[in-house]
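Structure first, then comments.
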Amino acid sequence: MSATVMAGVVGLAGLAGCTAAPHAGVDAPELPDPAADRPVVALTYRMADDLASAEGTERVTFTPDEQVCELVFRAWPNKPATAVTGNALTVSAVSVGGTALPLDVQAAGAPSGSPGTLVEARLPSCSPAGTPITADLTFQLRLGERTDERVGYSSRHRIAWFGSAYPMLAWAPGVGWTRDPAVDVAGEMTTSQAYRLESMTVEAPGDDAVMGVGDEVRTEAGSRPGTTAHTFSADVVRDVTVSVGRFEVDTRSVDGRQISVALPPNARASMDDWHTQLRDELGSLSELLGRVPASHLWISVLPGVSEGVEYGAAIQFGNLHPQRDRWLVAHELAHMWFYGLVGNNQAEHPWLDESFATYAQEVVSPADTTRRESEEPVGAPMSYFAGRPDASEAYVNTVYARGGAALLRARERVGEDEFDAALREYLRANAWSIATPDDVRAALAHLPEAVAALDEAGAFRAD
């Protein structure tokens with residue numbers, strides 16, 4: 001969910017006309033291990049003293065399942081919703097085996113004057129399927145002041161935040177390179193394989209706290225006087241986000257997993273409030289969807305951000321009160337399963353994470369207000385809504401409201417036990433992959449009334 005896109009997308013259980021309760025006490029199937037040949041990524045960020053920019057490097061090794069003649073990366077901070085406030089990601093070099101590759105940077109939806117969102121680097125010769133490729137990149141990140149989105153910073157609070165803010169490998173197994181253009185609709189547009197984060201090192205002024213992903217494996221003196229280098233690693237992630245600045249940070253253990261919360265100086269809720277609500281929502285969601293697919297969860301509460309953005313095992317929240325906005329807490333946590341565990345092309349099939357996260361939110365923590373369902377097809381891509389004066393509202397009313405309600409109707413028609421079991425099997429069967437609508441249809445094939453409920457809402461077509 002985008003930081004600005006979800007206001008009021010609540011109360012769908014009433015619209016669907018069904019009860020909304022998690023199914024407790026059912027053991028979910030064990031999740032498979034991620035692919036052994038998944039990409040391996042190492043990142044570094046060197047923050048400027050004022051936190052308004054960073055210099056970065058990336059090394060990525062991946063094994064394509066078909067021949068490739070170029071490498072393709074996405075620079076998502078350059079999409080319209082983030083570029084408009086001055087954020088920018090510039091890829092300055094890509095090399096393979098020490099050889100610099102020629103770069104072709106295309107706007108692909110970036111606004112005029114911003115770096116492009118699509119970066120292609122031609123290989124010296126085509127590389128056959130099954131052959132690992134290691135690429136080294138350098139990039140520069142500029143942060144815009146108080147952006148109500150996933151990338152920005154606040155000079156007043158001395159806090160910076162940036163998610164999906166690195167050259168993201170755009171390979172999808174079985175599909176190839178994904179080049180969907182960015183569109184001017186507030187929402188996520190990424191496609192990312194699950195990968196092993198070998199390391200992510202963030203060098204920042206020593207007095208600033210740093211939030212990352214996975215486990216923080218070490219801290220040490222940085223390369224510049226007065227800085228500290230914080231290094232994180234994770235066995236499997238789909239995306240990363242970093243928050244840096246004057247936070248109060250508290251880490252607690254819940255059911256064998258770590259939850260780290262960072263609060264700004266003007267936090268509207270206490271640390272206890274946040275930990276209590278996170279614990280409660282995670283417990284309810286795991287009863288519904290199965291074991292939480294992460295051992296460490298990182299929560300950053302940010303100034304200037306109105307709602308929330310998910311990154312699998314790390315989440316950005318606005319400076320809100322988690323009890324009053326429990327539906328939003330549940331929604332973002334549900335993305336640990338729908339996007340973090342089971343990925344999707346968020347530009348082409350946004351309902352596969354947003355409709356499902358809205359559905360799960362409404363089952364475990366329905367809110368008190370409602371939003372009108374659209375008559376548009378739930379399965380529409382982001383580009384379907386672009387260019388309209390009501391683009392973001394239509395997108396929300398369709399993908400969130402109508403999609404979430406359609407899933408609730410499907411559950412009502414076939415029964416909670418049957419639907420919940422099928423959904424957990426869908427998560428298991430597609431764990432760590434990039435799912436498509438066909439995977440949902442296959443998971444529900446033995447429940448034709450559920451398929452019909454989604455078909456009536458246009459989930460399996462976009463016409």
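Given the structure is predicted, the values throughout are model-derived calculations rather than measurements. Side-chain atoms are counted along with the backbone in the values below, which use heavy atoms only and exclude waters and symmetry mates.
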Passing candidate, ring pair (Phe, Tyr, Trp, His ring centres under 6.0 Å) with Phe162, options Trp76, Tyr311, Tyr153, Tyr45: Tyr45

Residues Asp33, Arg38: salt bridge by 4.0 Å N-O rule: no

Presence of salt bridge, Arg424 and Glu287, under 4.0 angstrom: no

For [X] and [Y], does a side-chain donor sit closer than 3.5 Å to a side-chain acceptor?
{"X": "His331", "Y": "Gln361", "answer": "yes"}
{"X": "Ser164", "Y": "Asp239", "answer": "yes"}
{"X": "Ser53", "Y": "Arg142", "answer": "no"}
{"X": "Thr241", "Y": "Gln316", "answer": "yes"}

Arg46 atom CZ, over 12 foreign heavy atoms within 6.0 Å: no

Exceeds 12 heavy-atom contacts within 6.0 angstrom, atom CZ of Arg257: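 Counting neighbours around CZ of Arg257, more than 12 heavy atoms of other residues, nucleotides or ligands fall under 6.0 Å, so yes.
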
Ring geometry between Phe338 and Tyr426 (parallel below 30°, tilted from 30 to 60°, perpendicular above 60°): parallel

Intermediate values then yes/no, salt bridge (Lys or Arg N to Asp or Glu O under 4.0 Å), Asp255 and Arg291: CA-CA 11 Å; Asp255 296 331; Arg291 182 175 302 172; over 6 Å; no

Please find out if less than 6.0 Å separates the ring center of [X] from that of [Y].
{"X": "Phe317", "Y": "Trp274", "result": "yes"}
{"X": "Tyr359", "Y": "Phe419", "result": "yes"}
{"X": "Phe232", "Y": "Trp298", "result": "yes"}
{"X": "Phe62", "Y": "Tyr195", "result": "no"}

Audit row: Asp136, Arg59, salt bridge (Lys or Arg N to Asp or Glu O under 4.0 Å) steps and yes/no: CA-CA 5 Å; Asp136 290 288; Arg59 168 167 283 192; 2.7 Å; yes

Cation-pi check, Arg441 onto Phe460 ring (under 6.0 Å, within 45° of axis): yes

ring-ring contact (aromatic ring centres under 6.0 Å, His included) evaluation trace for Tyr400 with Tyr395: CA-CA 8 Å; Tyr400 292 75; Tyr395 168 64; 5.7 Å; yes

side-chain hydrogen bond (donor to acceptor under 3.5 Å, both in side chains) against Thr201, all qualifying residues, sequence neighbours excluded: Thr231

